[in-house]
Amino acid sequence: MKVKELSIPIIIPKLQTLLPRIDATHPKIPFMQADLAKLLKGYRGEKAVNYYLDFLPEKENFIIHSLRLPSGNYFFQIDFLILTNRYALILECKNFFGTLYFDEDFNQMIRTANDKEEGFQDPISQAKWHQQQLRSFLKLHNITLPIEFFVVISDPSTIVKTNPRNREAMKKVVHGHSLLEKISEVDSRYQNEMLDSKEVRKLSKLLLKSHTPEDIDVLAKYGLGVVDILTGVRCPGCGRIPMIRQKRTWNCCGCEVKEKNAHVSAVMEYFHLFGASITNKQFREFVHLESDTIAKKMLQAMNLPFSGSNKGRIYYDPMKR
DNA sequence: ACTTTCTACCCTTATAGCTG
DNA sequence: CAGCTATAAGGGTAGAAAGT
């Protein structure tokens, strides 16, 4: 059972919102594009892994995607957590291409691709770290449950190599297509029921409640300020910014697209860029609208959650409430 | 042709955020 | 800290535009 479904990491739509709204010559653009490409690749990998998880028996497995839990003053994020009444299984998804070499002597992973060698933090020790943190989380809530983990390589063409002495890597690093087989191996190894079905459900609820989604300020991340952002409504047809409002519709100066409600997505974009709230004035500035009354009517028509009255009115992102 | 929706006004009220 | 000011909402109206 999917307790928390696969969903796109919020940073992806945020970057997709940000990129078209900064000057094409901005020096940060290549970094953002590279980050976006990496994130999309990662998400595709998780999708691929998610596909296999659909084949697990519905009733016995509670699957949680992208779980971010507190650990002291910090957080740790697990790509997939599979919860059963006998054990918990962490899946650490990796989307590397090329040839991967797991070096247990230095806790390092070396990737060779396009005649280039690159070192990365060893995903096994990363997964172990998550295992340890989850262990203390469970301990904190007086729950005893063994925790297993796999490092899942989603790209089937990625070659995994290791020293034959490195039995751990051979056991723990798996390709997506052999994941189910590996899971059933683990499953048969754990026979003792640690929790009854009610307790498993309770634990999954506890985990979901403790899940704290990361709220990334994309502007801060790339050292951008309000001045770097191109404001205005974006044309849903050609992407051109800004659209001009005349005769009760938003008109694009590039293509001939007319869209009455183009400001709605602009508000969502505003939330992505500047945080989850907007005022009448911020809205007017962002969509290039003079009239506060029209702005008021538009914002009211969107039925956004709000706080305050009169001058103190603040509208909120419905996704965050 | 008739109805609905939207814009551009109006005035009043509440209050956030200054200013001294 | 009180008093002031600018701002945004509430609520209304007329007329234009759009929808049927």
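We name chains A, B, ... by the order of the sequence lines, and we start the count at 1 in each one.
- OP1 or OP2 of C/dA8 has not a single side-chain nitrogen or oxygen of A/Tyr315 nearer than 4.0 Å.
- Between A/Trp250 and A/His263, the angle of the ring planes lies from 30° to 60°, which puts this pair in the tilted group.
- One finds no side-chain N or O of A/Asn280 lying less than 4.0 angstrom from the OP1 or OP2 phosphate oxygen of C/dT7.
- In this structure, A/Val287 is a member of the same hydrophobic cluster as A/Ile22, with clusters built from ILVMFWY side-chain heavy atoms closer than 4.5 Å.
- Of the two residues near DNA chain C, A/Thr249 and A/Ala295, the one whose nearest nucleotide lies more 5' is A/Ala295.
- When distances run from any side-chain atom of A/Arg284 to the nucleotides C/dA8, C/dG10, B/dT7, the shortest one goes to C/dA8.
- In this structure, A/Tyr315 has its ring center no closer than 6.0 Å to that of A/Phe283.
- Nucleotide B/dA16 holds its P atom 12 Å from the CZ atom of A/Arg313, rounded to whole Å.
- Rounded to an integer number of Å, the gap from A/Lys297 NZ to C/dA8 P is 16 Å.
- Residue A/Met109 holds its CE atom at 15.0 Å from CD of A/Glu104, rounded to the nearest 0.5 Å.
- Atom CD1 in A/Ile294 sits about 13 Å away from atom C1' in B/dT5, given to the nearest Å.
- In terms of position along DNA chain C, the nucleotide closest to A/Gln300 lies nearer the 5' end than the nucleotide closest to the other residue of the pair A/Gln300 and A/Lys260.
- One can place CD1 of A/Ile314 at 9 Å from P of B/dA16, the figure rounded to the nearest angstrom.
- A/Phe283 comes within 4.0 angstrom of no nucleic acid atom, judged by non-hydrogen atoms across all strands.
- A/Asn251 has its CG atom 10 Å from the P atom of C/dA18, to the nearest Å.
- In this structure, A/Ile278 places its CD1 atom 12 Å from P of C/dA8, rounding to the nearest Å.
- A/Met298 places its CE atom 13 Å from the C1' atom of B/dT5, with the value rounded to the nearest Å.
- For the pair A/Arg245 CZ and C/dA16 C1', the interatomic distance rounds to 14 Å; values are reported in whole Å.
- Residues A/Asp187 and A/Arg86 are paired through a salt bridge, judged by an N-O separation under 4.0 Å between the basic side chain and the carboxylate.
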